[in-house]
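Remember, it's 1-based here, ligands and their atoms both numbered in the order they're listed. Values in this document were obtained by computation on a predicted structure and should not be read as measured data. What you see below is based on every heavy atom in this structure, not just the backbone, and it leaves out hydrogens, waters and symmetry mates.
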Amino acid sequence: MPVAVAATPPADWRSQVFAGTLLIVPQVAPLTAFRAYVEQLLDEAFAPSAPPAAQDELAAADFMARIEQLRTWLRGDAHARQLLIPVLAHFGLEPSTTFWDRLNVRVLPAGARPQHEADLALGAHRDTWSSNVYAQVNWWLPLYPVTAERAVAFYPRHWDTPVPNDSGGWDLDQLRRERREGAAPTVPLVPSPTGTVDPSDAVAVVIQPGDLLLFSGAHLHATVPNTSGVPRFSVEIRTVALDDVRAGRGAPNVDGAAPRVPWNWFRRVDDRTPLSDVLA
Ligand SMILES: [Fe+2]
């Protein structure tokens with residue numbers, strides 16, 4: 001698997017990511033303040049339990065409700081986003097030309113405990129089946145130690161091998177409309193493979209708190225079902241650099257068929273202008 005470990009981000013890191021490299025940057029110093037802030041929020045959310053122990057000390061519904069409250073808070077938290085700007089700068093990205101979507105904290109309980117849909121262990125998927133943006137870079141960071149039993153997995157064989165999927169009929173607007181109307185959803189939560197993906201192709205990537213994993217949104221990846229006994233806490237962001245979109249740079253599309261590109265999912269870091277407005 002093309003994994004690159006770099007103490008500092010290479011100048012051409014986005015080209016490498018668009019070629020399928022999984023880029024690990026260990027112990028990213030500018031990430032420290034953000035991590036401390038989110039860990040403090042987690043401590044407060046689960047007090048008096050320590051976050052890794054909370055799933056054993058709280059009722060399942062209470063555990064899930066506290067995660068959901070934290071997730072909602074973080075999505076609207078300008079301070080958390082502000083703390084990520086030095087991290088973007090470390091990778092040469094400027095707030096005026098970089099776009100991102102939701103800042104997402106995910107907590108994957110161990111075992112068969114109930115999960116909120118936003119925390120579900122996702123099966124094999126490419127983010128680009130839904131976002132349709134091939135310049136999308138995913139940033140993944142754990143908040144507590146990770147093991148191979150609670151990690152993220154990739155299917156390197158499928159970087160350039162098509163996987164039959166239902167992205168051609170997936171529509172987020174329709175999904176949201178159906179939910180608003182209380183109708184039974186006819187659109188799945190996320191586009192999925194329509195056949196079987198050989199699980200033996202999956203390779204778990206294990207990094208530790210302070211490390212960052214960057215990968216193309218076109219990589220086939222999955223949540224490793226958590227059999228470790230301890231919940232997995234992670235944060236995800238997804239960025240798009242305007243220069244890449246304008247220059248047509250990005251990962252190859254081997255099997256995505258989403259009917260349109262929802263550029264409006266991504267907003268400019270400095271003033272929240274939707275990417276769709278900038279490209280219009
Ligand atoms: Fe994903």
### Query
Do other residues, nucleotides or ligands put more than 12 heavy atoms under 6.0 Å from Gln69 CD?
no
List, one per line, each side-chain donor-acceptor pair under 3.5 Å for residues 83-94, sequence neighbours excluded.
none

### Summary
From the list Val133, Asn104, Asp127, side chain to side chain contact (heavy atoms under 4.5 Å, CB included) with Arg238 holds only for Asp127
N/O donor-acceptor pairs under 3.5 Å from side chains in residues 35-44, not counting sequence neighbours:
unit_1: Tyr37; atom_1: OH; unit_2: Asp77; atom_2: OD2; d: 2.6
unit_1: Gln40; atom_1: NE2; unit_2: Glu44; atom_2: OE2; d: 3.0

Do any side-chain atoms of residues 195-208 form donor-acceptor pairs under 3.5 angstrom with protein atoms, and if so which ones, sequence neighbours left out?
unit_1: Asp198; atom_1: OD1; unit_2: Ser200; atom_2: N; d: 2.9
unit_1: Asp198; atom_1: OD1; unit_2: Ser200; atom_2: OG; d: 2.8
unit_1: Asp198; atom_1: OD2; unit_2: Ser200; atom_2: OG; d: 3.1
unit_1: Asp201; atom_1: OD1; unit_2: Arg157; atom_2: NE; d: 3.4
unit_1: Asp201; atom_1: OD2; unit_2: Arg157; atom_2: NE; d: 2.9
unit_1: Asp201; atom_1: OD2; unit_2: Arg157; atom_2: NH2; d: 3.1
unit_1: Gln208; atom_1: OE1; unit_2: Val146; atom_2: N; d: 3.0
unit_1: Gln208; atom_1: NE2; unit_2: Val146; atom_2: O; d: 2.9

### Task
Decide if the gap between the ring center of Phe46 and the ring center of Phe63 is smaller than 6.0 angstrom.
yes
## Note on the structure
Near the Fe ion (ligand 1) (protein N/O/S, cut-off 2.8 Å, waters excluded) we have His125 NE2, Asp127 OD1, His221 NE2
